[in-house]
Amino acid sequence: MYDVKSSNAREFISHEEIMATLAWAQENKNNDELISHIMQKAAEKKGLHHREAVLLLLGGESGKIFEIAREIKRSFYGDRVVLFAPLYLSNHCVNGCVYCPFNAGNTEMPRKKLSQDEIRREVIALQDMGHKRLAVETGEHPRHSPIDYVLESIKTIYDIQHRNGAIRRVNVNIAATTVENYRKLKAAGIGTYLLFQETYHEGTYNQIHPSGPKSDYVYHTEAMDRAMQGGVDDVGLGVLFGLADYAYEFCALLMHAEHLEAVYGVGPHTLSVPRIRRAQGVDTGSFSHGIDDETFTRIIACLRISAPYTGIIVSTRESGECRKRALDAGVSQISGGSRTSVGGYDMPDEETRQFEVNDNRSLDEIVHWLIGIGYIPSFCTACYREGRVGDRFMKLCKTGQIQNCCHPNALLTLQEYLLDYAKENTKKAGEELIGREVIKIPNMKTREIVFKNLERIKKGSRDFRI
Ligand code: SF4
Ligand code: SF4
């Protein structure tokens, strides 16, 4: 049944293979010799097969796992952490997802859809914070958010130039759709197409998606194949932890990544690891698979080890303290200053939010905090704009060369942020950080270019990239 290259969701995410993997890992989780062998392989930074990864997750010694994960993250991405914000366009939705307050049956939820003028106001508010990279989100609704509305909204976002600001990368998180629509998204210039599986466990999936187009497990699970057939270069997978057994989800997530790599020659660009959160009209107590912070960060570390070349994203669903642990375990992108309501940046509105935010700090506070804990906040969007996408990106990443771009671009975009948006204390800490970091750029030519461009930014120019 299991076939990594199959075009059938039930074969590339084979339930039997997952169960056999879990059983094998349970049997071997005290097999020190085997685990030590997998640890050695992990340290080579070339990733792990899903069976090895699950054994590591269930049986590996924590200290060693975190040490390898940290080392892998440092050697591929350095200390930069990319920042982004979600932008909710509409909360009208025809689906019945029981874990989401936007579900069609929630009559208490005020429904809202942004007009193009309202989108402009949202984007200006986001630009005034300093954001350059957005993840556009919308509920699924044939009348309120058809593909043409999404495309028009993307164009509106890219067209807005406000003071020194512009959104330079729009990632899109919309419902599973057709190859033709993915082609349209690609033509609109999207960055990553994001679609979370929520759960790979088909029985659970069917229970928690009782109605609407999303209730079709196979159509949803095969969406990334259609996206890639439609020419989308970068796709982002994700699981909503808490819906089903975490080891099952972890295994399936890696199998999905292996499938994309086997068929299209390039794995997912990012992995997202949201955990289920309290929200209006959602009884989170009815989900019995919640995971604690320790398991959560262990999952992140094992993902970092198993898929070293993939970005890992954690949102403001998590508290600041947990996000620090997640960053240390291998997360490379975080959201900051997020609002999960429709129109919430321009007009804060608690009633229409999708989930409760646990990290309520402003973007500036997040930037200041990242600097203080030893990371380089980055507003970089260079790869997508330089055509370093899909397999071209992965090639650079696998050879470890991407850091030669990430590090200088983080410094250049941080410099822009400091001049245009930062508060005084952030500015001071950021300038000191840039001063310390710029002399670490190993390539002399790149270092000179960065020195020159930092000066140009100080004189008013913007948007340099390596
Ligand atoms: Fe709609 Fe998405 Fe919420 Fe499901 S998770 S109800 S598809 S907005
Ligand atoms: Fe991301 Fe590429 Fe910028 Fe690195 S250089 S932060 S991979 S966009």
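Keep in mind that the numbers below use all heavy atoms, side chains included, and drop hydrogens, waters and symmetry copies.
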message: Strictly distance-based, threshold 3.5 Å: is any side-chain N or O of Gln127 a donor or acceptor partner for the main-chain N or O of Ile160?
response: yes
- line: Only residue of Lys132, Arg462, Arg163 satisfying salt bridge (Lys or Arg N to Asp or Glu O under 4.0 Å) with Asp420 is Arg462
query: Can you tell me if Thr295 uses its side chain to pair, donor with acceptor, with the backbone of Ile291 under 3.5 Å?
result: no
- prompt: Should we count CD of Glu432 as having more than 12 external heavy atoms under 6.0 Å?
  reply: yes
- request: State, yes or no, whether a side-chain contact exists between Tyr375 and Asp328 at a heavy-atom distance under 4.5 Å.
  value: yes
task: Using atom types as modelled and distance alone, determine if a side-chain donor or acceptor of Thr156 lies under 3.5 Å from a backbone N or O of Glu152.
output: yes
field: Polar contact flag, side-chain donor to acceptor under 3.5 angstrom, Asp233-His269
entry: no
- line: Result for salt bridge (Lys or Arg N to Asp or Glu O under 4.0 Å) between Asp293 and one of Arg323, Arg275, Lys324 points to Arg275
task: Apply ring pair (Phe, Tyr, Trp, His ring centres under 6.0 Å) to the pair His209 and Tyr99, showing each step before the final yes or no.
output: CA-CA 9 Å; His209 298 103; Tyr99 48 85; 5.4 Å; yes
message: Contact between Cys302 and Phe250 at the side-chain level, heavy atoms closer than 4.5 Å - yes or no?
response: yes
message: Under 3.5 Å, is there a donor on one side chain and an acceptor on the other for Arg169 and Thr192?
response: yes
- request: Kindly check if the number of other-residue, nucleotide or ligand heavy atoms within 6.0 Å of NZ (Lys458) is above 12?
  value: yes
- prompt: Taking atom types as modelled, is there a side-chain donor on Glu140 or Asn95 under 3.5 Å from an acceptor on the other?
  reply: yes
- request: Examine distances only and state if a side-chain atom of Arg121 and a backbone atom of Met347 form a donor-acceptor pair shorter than 3.5 Å.
  value: no
message: Donor-acceptor pair, distance only, cut-off 3.5 Å: does the side chain of Asn91 make one with the backbone of Pro110?
response: yes
- request: Indicate whether the side chain of Glu431 and that of Gln415 have a donor and an acceptor atom separated by less than 3.5 Å.
  value: yes
- prompt: Aromatic ring centroids of Phe241 and Phe296 under 6.0 Å?
  reply: no
message: Between Arg183 and Asn181, do the side chains contain a donor N or O and an acceptor N or O under 3.5 Å apart?
response: no
query: Regarding Arg226 and the six-membered ring of Tyr219, is the cationic atom NZ or CZ under 6.0 Å from the ring centre and inside 45° of its axis?
result: yes
query: Strictly by modelled atom types, are His289 and Tyr246 linked by a side-chain donor-acceptor pair under 3.5 Å?
result: no
query: Is any side-chain heavy atom of Thr178 closer than 4.5 Å to a side-chain heavy atom of Ile147?
result: no
task: Over 60° means perpendicular and under 30° means parallel, so classify the ring planes of Tyr248 and His201, tilted if in between.
output: perpendicular
- prompt: Does any donor atom in the side chain of Tyr205 or Gln197 lie under 3.5 Å from an acceptor atom in the other side chain?
  reply: no
- prompt: Is there a donor-acceptor contact under 3.5 Å linking the side chains of Tyr264 and Asp225?
  reply: yes
task: Please determine, by modelled atom types, if Thr426 and Asp364 share a side-chain donor-acceptor pair under 3.5 angstrom.
output: yes
- prompt: Any side-chain heavy atom of Phe196 sitting closer than 4.5 Å to one from Val239?
  reply: no
- prompt: Any side-chain heavy-atom pair from Thr199 and Leu240 closer than 4.5 angstrom?
  reply: no
- prompt: Between Phe12 and His256, does a ring pair (Phe, Tyr, Trp, His ring centres under 6.0 Å) hold up when you go through it step by step?
  reply: CA-CA 7 Å; Phe12 65 77; His256 201 170; 5.6 Å; yes
- request: Ignoring hydrogens and angles, state whether a donor on the side chain of Arg298 or Ser62 is under 3.5 Å from an acceptor on the partner side chain.
  value: yes
query: Do Thr270 and Gln333 get their side chains close enough for a donor-acceptor pair, meaning under 3.5 Å?
result: no
message: Quick check on salt bridge (Lys or Arg N to Asp or Glu O under 4.0 Å): which of Lys427, Arg168, Arg456 does Glu416 satisfy it with?
response: Arg168
query: Would you say Arg325's side chain and Thr297's backbone share a donor-acceptor pair under 3.5 angstrom?
result: no
- prompt: With side chains defined as the heavy atoms from C-beta onward, is the minimum distance between Leu260 and Met224 less than 4.5 Å?
  reply: yes
query: Do Leu87 and Ile167 come close enough that some side-chain heavy atom pair is under 4.5 Å?
result: no
